[in-house]
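Proteins get letters first, then strands, A, B, ... in listed order; numbering begins at 1 in each. Just so it is clear, the values below take in all heavy atoms, side chains as well, and ignore hydrogens, waters and symmetry mates.
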Number of protein chains: 2
Amino acid sequence: MPDFKAIGGTVRQRAASELRDRIITGQLRPGSRLDLDLITEEFGTSRTPIREALIELSHEGLVSIAPRSGITVIGITWEDAVDNFAVLATLAGKAAEWTAARITPDELAELRSVADAITGSADVVTANWRFHRALNRASRSPRLLTFVRHAVRAVPSNYFELFPEQEQRSLAEHAALLDAIGRRDGRAARLIAEEHVLHAGEALGEWLQAREREQLTAP
Amino acid sequence: MPDFKAIGGTVRQRAASELRDRIITGQLRPGSRLDLDLITEEFGTSRTPIREALIELSHEGLVSIAPRSGITVIGITWEDAVDNFAVLATLAGKAAEWTAARITPDELAELRSVADAITGSADVVTANWRFHRALNRASRSPRLLTFVRHAVRAVPSNYFELFPEQEQRSLAEHAALLDAIGRRDGRAARLIAEEHVLHAGEALGEWLQAREREQLTAP
DNA sequence: CCTTGAAATCTGGCATATCAGATATTACAC
DNA sequence: GTGTAATATCTGATATGCCAGATTTCAAGG
């Protein structure tokens with residue numbers, strides 16, 4: 001979960017982050033066309049960094065760029081968002097599996113303490129994020145991490161602050177996961193991690209679905 | 001498996017494709033620095049498209065761009081390449097699961113005929129690619145497809161032509177997969193597809209490992 | 001000899017102008 | 001009215017040039 005609230009250094013990164021969020025949150029509707037010069041004007045910069053930000057989003061499947069023709073928002077439906085979370089769950093499962101196989105005793109101890117730090121933390125969201133980051137990193141797979149990054153980017157940036165009520169179940173799942181990793185049971189770790197993330201995805205799906213109904217009712 | 005031998009239209013796409021291949025195949029070694037102006041000169045274009053191509057590769061985790069400092073090849077070790085294939089296997093498994101749940105009878109019939117067309121085809125590689133593409137598309141998940149694309153891009157472009165001896169096992173696995181999908185057994189489809197791709201990954205791993213030993217022996 | 005800091009230099013980020021493919025428009029023939 | 005081809009226009013792609021942050025160099029001070 002990189003770039004978490006980190007609004008990057010370069011104009012390009014900031015623009016990509018901002019535009020991504022507008023698409024993911026539905027401010028920019030699928031099918032709508034984007035005017036490069038208009039965005040340029042809004043951001044008060046030149047076209048180059050905006051253009052490059054949009055190229056980035058096109059690789060993420062959020063917009064479609066037709067050479068010398070136009071830029072169209074593809075966006076993600078709420079079904080897509082749930083799919084994305086399911087993919088994230090699959091990736092997290094694989095990460096947990098590899099972590100179980102590759103983690104060192106020191107890292108495991110560290111991971112446990114990071115997990116314990118979530119309880120009673122003033123900033124549960126960040127603490128939780130740290131846990132998952134440590135977990136993923138322990139997989140020692142830079143390749144896998146790039147995929148996790150992509151999946152996390154497609155999650156609305158404010159999502160992780162939305163469901164505090166999930167906290168109890170989440171903590172229990174963390175404990176079970178750590179237990180499996182401690183036993184070096186990769187298969188179990190994979191299943192638990194996958195379910196864990198999937199649960200969060202289902203909650204997101206319900207929220208998005210409800211919001212879509214609202215928007216249809218009172219546009 | 002998109003962009004298969006499609007060397008894109010724009011300079012940026014061609015450059016990205018070419019540079020990616022040099023990194024993946026090891027022509028550009030990890031740790032080596034890239035000179036933007038040098039590459040520009042080689043491609044006979046301006047810096048903009050080359051720069052954008054490198055930005056793309058940085059998102060794929062293949063190079064590291066330090067703002068106003070330098071561009072360094074990260075590359076992928078052969079362990080990374082195997083990891084990448086394992087990720088692809090995981091994604092393919094998920095795609096097969098969803099395909100089993102979402103495929104229409106028409107699509108299934110079409111998929112069977114595409115599978116049959118592999119046997120005795122003059123171009124087995126392309127026929128095989130078509131099958132996997134159809135399989136993935138039937139999952140009806142644009143999100144998942146973007147991830148599959150990313151994973152496929154990190155596979156050496158000539159890899160799929162390297163191991164004809166795998167053909168028999170491959171065909172048997174395709175049949176088993178189609179059978180599972182026909183039964184709408186998502187769980188089985190996922191397992192079979194995952195194993196299927198993993199087998200290919202293992203072969204790649206052995207090949208890369210052998211090549212690395214060669215290079216260490218006679219550099 | 002090591003530290004420090006200022007200047008030279010290197011490098012990518014950004015701004016701007018121009019180019020070319022794609023699309024829309026218009027005029028004309030039928 | 002319909003089809004078509006010439007043309008005007010729109011839009012991203014590319015070429016250049018300049019700028020600022022990062023790094024290196026090197027000399028002065030200790």
* To do: Only one of B/R20, B/R14, B/R22 passes salt bridge (charged side-chain N to carboxylate O under 4.0 Å, His left out) with B/E18; say which it is.
  => B/R22
* Asked: Hey, mind stepping through B/L144 and A/N84 against side chain to side chain contact (heavy atoms under 4.5 Å, CB included) and telling me if it holds?
  -> CA-CA 7 Å; B/L144 180 54; A/N84 183 74; over 6 Å; no
* **Trace of the ring pair (Phe, Tyr, Trp, His ring centres under 6.0 Å) decision for B/H196 with B/H174** => CA-CA 8 Å; B/H196 175 59; B/H174 287 181; 4.7 Å; yes
* Donor-acceptor side-chain pairing of A/E56 and B/H59 below 3.5 angstrom -> yes
To the nearest Å, how far apart are [X] [atom1] and [N] [atom2]?
X     : N      : atom1 : atom2 : result
A/L34 : D/dC10 : CG    : P     : 18 Å
A/I50 : D/dT11 : CD1   : C1'   : 16 Å
B/L36 : C/dG13 : CG    : P     : 9 Å
A/I65 : C/dG21 : CD1   : C1'   : 15 Å
A/D35 : D/dT11 : CG    : P     : 6 Å

* Salt-bridge criterion met for B/E52 and A/R51 (N-O under 4.0 Å) -> yes
* To do: Salt-bridge test for A/R137 and A/E107: reply yes if a basic N is under 4.0 Å from a carboxylate O, no otherwise.
  => no
Between the protein and nucleotides 14-18 of chain C, list every N/O to N/O distance that falls short of 3.5 Å.
unit_1	atom_1	unit_2	atom_2	d
C/dC14	OP1	A/V11	N	2.6
C/dA15	OP2	A/S46	N	2.5
C/dA15	OP2	A/S46	OG	2.6
C/dA15	O5'	A/S46	OG	3.4
C/dA15	N7	A/T48	OG1	3.3
C/dT16	O4	A/T48	OG1	3.2

